[in-house]
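Notes to accompany the following structure.
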Number of protein chains: 2
Amino acid sequence: MIFGISLSADVPVRQASLRQHNLRLVLGQVALVSPQSRADIAAATGLTRATVSTLVDDLVSGRLLREVSPAPRSGAGRPGVGLVLNDADGPAGLGLEINVDYLAACVLDLAGAVRHREIQPGDRRGVDPATVLASAAALASRAVLAAEDQGLTIVGTAVAVPGLVSPDGTIRLAPNLGWRDVDASGFTPGPLTVENEANLAALGELHHGSPGSADFLYVSGEIGIGAGIVLHGSLFRGARGWSGELGHVAVHPDGPACRCGAHGCLEQYAGQEALLSSGASAVSPGASVADLVSAAERGDPATLARLSTAADALGVTIAGVINLLDVDTVVLGGIYAPLTPWLRPGIEAQIADRVLTAAWSPVRVRPAGLGSNAAVVGAAGAVIRAVHEEPAAWLVPASPGKA
Amino acid sequence: MIFGISLSADVPVRQASLRQHNLRLVLGQVALVSPQSRADIAAATGLTRATVSTLVDDLVSGRLLREVSPAPRSGAGRPGVGLVLNDADGPAGLGLEINVDYLAACVLDLAGAVRHREIQPGDRRGVDPATVLASAAALASRAVLAAEDQGLTIVGTAVAVPGLVSPDGTIRLAPNLGWRDVDASGFTPGPLTVENEANLAALGELHHGSPGSADFLYVSGEIGIGAGIVLHGSLFRGARGWSGELGHVAVHPDGPACRCGAHGCLEQYAGQEALLSSGASAVSPGASVADLVSAAERGDPATLARLSTAADALGVTIAGVINLLDVDTVVLGGIYAPLTPWLRPGIEAQIADRVLTAAWSPVRVRPAGLGSNAAVVGAAGAVIRAVHEEPAAWLVPASPGKA
DNA sequence: TCAAATAATTCAACCGTTAAACAAATCGTG
DNA sequence: CACGATTTGTTTAACGGTTGAATTATTTGA
């Protein structure tokens with residue numbers, strides 16, 4: 001549970017909690033705009049310069065902040081020393097992604113910069129989970145070494161998987177991997193979080209993608225269709241962590257049967273298989289998304305028609321979501337990102353038609369800024385975000401020799 | 001904005017904030033279990049008895065708590081004095097509801113008990129908004145008098161309306177009243193909140209109805225169909241406050257045209273008009289919901305068929321919502337509450353069929369505990385809830401003569 | 001009547017923030 | 001090159017809120 005909100009309501013508050021809160025406040029301010037003096041921070045947060053000084057001292061000796069020599073000069077007066085997130089020898093987050101057609105790893109430093117990345121393509125459908133997890137573990141240990149080479153310390157790991165995950169780290173159901181009740185909680189050393197791929201991708205988009213709204217629906221087109229829901233700037237995981245199963249929302253209740261047992265699910269109209277493998281078209285069976293894009297660019301009528309059908313189905317479903325949740329932005333991720341030019345018109349038309357408030361408050365539809373990296377980056381970001389959320393817990397005790 | 005979360009993250013925290021937090025903690029503890037001694041509170045919250053004493057002193061002299069003579073005895077030792085929410089001469093909340101076929105007012109004391117209620121039936125469709133607001137204002141002033149007679153002081157008012165409300169209190173659109181851009185912000189003295197009827201009903205159900213889940217979908221069947229979404233125990237209002245337009249989610253995208261301009265909206269299948277006025281049946285046009293219930297109880301085939309159709313449509317839509325949001329409870333409110341016996345089977349069948357996680361985590365479907373009072377009670381409850389959330393702001397200064 | 005037990009209050013100590021004074025570092029100007 | 005102006009960062013006394021131990025208050029049971 002790396003995503004839990006920590007400041008919750010029904011717990012007593014002592015002076016120490018106060019300090020924790022203000023430590024986070026200062027760290028967050030530095031994360032917001034980067035070289036910043038203690039005085040700047042004081043002005044921006046409303047804390048006193050004195051308080052900021054003591055807080056910054058803690059954060060610097062705890063290896064979360066770093067001083068940089070000259071702050072950008074302005075007028076007269078003593079120059080302030082700049083403060084930045086410690087991306088030199090501080091903590092770092094490790095993100096992993098287990099997907100149907102690739103494994104990926106990614107290391108982010110405290111400032112959110114990608115410091116290492118490795119992608120291992122290969123179809124994992126039907127492969128023994130233990131084998132796949134072993135490959136992922138190997139990927140992870142290479143990433144840890146790479147981080148150490150750069151002076152960074154991995155303080156946690158998050159894994160993105162295309163399926164439903166229990167709070168204890170068990171993968172309850174990953175239909176497209178063919179997995180069911182796989183325990184992924186301890187396959188790598190250190191604290192580990194297992195989380196749905198679309199959720200982490202949404203987080204990645206929120207914190208590391210193009211800056212946009214704090215309320216959006218991230219639609220992840222992979223073999224299946226998932227969604228990550230960001231409400232008021234934080235991920236909504238549902239009562240049991242199983243939100244976002246957009247692919248199995250009904251478009252036509254009496255439509256074709258779906259693998260899930262129901263009829264007319266969105267996945268039947270806009271899933272990767274529906275887009276790639278059906279009917280006669282310029283795109284041959286077994287083709288890739290890149291082929292689809294080029295066929296669309298050529299203007300192939302059958303391809304365009306199929307994309308239009310998918311866009312309509314997506315649009316109907318998304319319009320329903322907007323009527324329900326009132327998000328103001330829809331982010332198209334996964335395979336939908338490169339297909340945005342052909343999907344957007346149909347989606348926007350359905351929104352205009354079906355969303356009650358569309359007339360006076362527009363909804364943006366845009367492609368994901370991070371492309372296919374959204375989930376790994378989101379996973380690593382979730383780890384460093386935990387540090388940002390509770391810096392007091394991550395202050396490394398000053399070694400007496402060095403201080 | 002009576003519902004805002006006050007403890008937010010990017011604000012400095014001083015000792016005073018600490019006190020505010022702990023005041024709320026103590027008040028909340030008393031609200032949780034009622035006659036409770038200072039020592040009990042200390043044990044339950046983790047605060048020191050000393051601290052609890054000073055906090056309770058503030059709350060008592062500020063008229064939010066009241067001491068009751070003998071706490072329930074147990075063994076030996078000095079008996080603790082019981083503390084209860086001040087429902088004798090404390091603050092109270094006024095809730096109003098403007099609906100298509102009735103106006104209502106309701107006063108709740110700090111303990112959440114209904115101390116006054118008035119309902120004024122009568123069809124308001126097409127009536128001039130100013131006239132309706134004047135009636136509501138009259139209702140409100142009678143409620144204020146009734147409260148004063150009982151020693152209570154109204155500290156705020158919330159109004160439930162069947163429509164979309166802007167943050168500034170303007171009713172942007174209330175289709176079934178025929179209102180558009182009506183300013184309802186100042187029609188009664190004192191602080192006023194205007195809010196969607198389904199949202200307030202959901203809040204009412206959450207805090208004053210049958211205790212249940214903290215994540216649920218409240219489906220409000222009135223002339224239109226609205227929904228209130230409660231996530232992690234708090235109301236989700238959407239990016240702009242316009243969440244919950246369930247009635248215009250598509251069931252059959254190519255279905256019959258809806259007033260809203262789209263096609264196949266849920267309202268066409270399960271709205272009050274669809275249930276009451278269509279086709280030949282034992283229920284004559286212009287009938288009421290009570291007629292519908294008695295026809296269903298008689299087993300009238302046409303009525304049962306129509307209810308079954310409505311249940312299927314509701315079920316498809318609700319299943320989509322659950323796939324998306326992973327709520328574990330669905331509350332049927334408004335006209336659906338008395339119809340639950342006939343609606344539930346169809347809804348549950350669709351959920352079982354279409355919700356991915358239904359197999360291993362059941363979804364409860366139940367009628368609203370408050371019936372048609374949910375919205376007014378929720379409105380009044382929202383006001384007293386604001387006091388609970390930020391007691392420091394509501395401590396009445398001790399009058400020197402009385403203290 | 002007295003000891004045991006529990007409730008509530010008092011008081012010195014602690015901790016984090018504040019405000020104001022002070023020290024440090026730079027620029028502008030003569 | 002010196003000096004005032006200016007801004008940064010640290011120091012120090014004071015303040016507010018919580019804590020823990022001691023004290024007082026109130027009841028039960030022997």
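Bear in mind that the values here come from a model prediction, so they are computed numbers and not experimental data.
Distance, A:Gln15 CD to C:dC14 P: 13 Å, rounded to whole Å. Regarding B:Glu67, its CD atom lies at a distance of 15 Å from the P atom of C:dA7, rounded to whole Å. Distance, B:Leu18 CG to C:dC15 C1': 11 Å, rounded to whole Å. C:dG16 atom P lies 16 Å from atom CG of A:Leu25, rounded to whole Å. Here the P atom of nucleotide D:dT7 and the CG atom of A:Asp40 are 13 Å apart, to the nearest Å. Regarding B:Leu55, its CG atom lies at a distance of 16 Å from the P atom of D:dG16, rounded to whole Å. Here the C1' atom of nucleotide C:dG16 and the NE2 atom of B:His21 are 17 Å apart, to the nearest Å. B:Leu23 places its CG atom 14 Å from the C1' atom of D:dG16, with the value rounded to the nearest Å.
Between the NE2 atom in A:His21 and the CG atom in B:Leu18 there is a gap of 11.0 Å [rounded to 0.5 Å]. Here CG of B:Asp57 is found 6.0 Å from CZ of B:Arg38. Values are rounded to the nearest 0.5 Å.
Side-chain contact check for B:Glu67 versus B:Leu83: some heavy-atom pair is nearer than 4.5 Å. A:His388 has its side chain out of reach of A:Arg24: every pair of non-hydrogen atoms, C-beta onward, lies at least 4.5 Å apart.
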Trace of the side chain to side chain donor-acceptor pair (under 3.5 Å) decision for B:Gln20 with B:Glu390: CA-CA 7 Å; B:Gln20 287 174 24; B:Glu390 206 182 352; 5.6 Å; no

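Within the nucleic acid shown, B:Ala50 comes within 4.0 Å of at least one base atom, counting heavy atoms only.
Listed nucleotides D:dT10, D:dT6, D:dG20 differ in distance to A:Arg49; the shortest reach to its side chain belongs to D:dT10. The side chain of B:Ser53 sits closest to C:dT9 out of C:dT9, D:dT10, C:dA7. Distance from the side chain of B:Arg19 is smallest to D:dG17 among C:dA25, D:dG17, D:dG9.
Contact annotation: B:Thr51 side-chain N/O to D:dT19 OP1/OP2 distance is under 4.0 Å. For B:Thr54 and D:dG17, the shortest distance from a side-chain N or O to OP1 or OP2 is not below 4.0 Å. Taking side-chain N and O atoms only, B:Thr48 has a distance below 4.0 Å to OP1 or OP2 of D:dT19. OP1 or OP2 of D:dT18 lies within a sub-4.0 Å distance of a side-chain N or O belonging to B:Asn22. A:Arg38 has a side-chain polar atom (N or O) that falls below the 4.0 Å cut-off from OP1 or OP2 of D:dT10. OP1 and OP2 of C:dA5 both lie 4.0 Å or more from every side-chain N or O belonging to B:Arg78.
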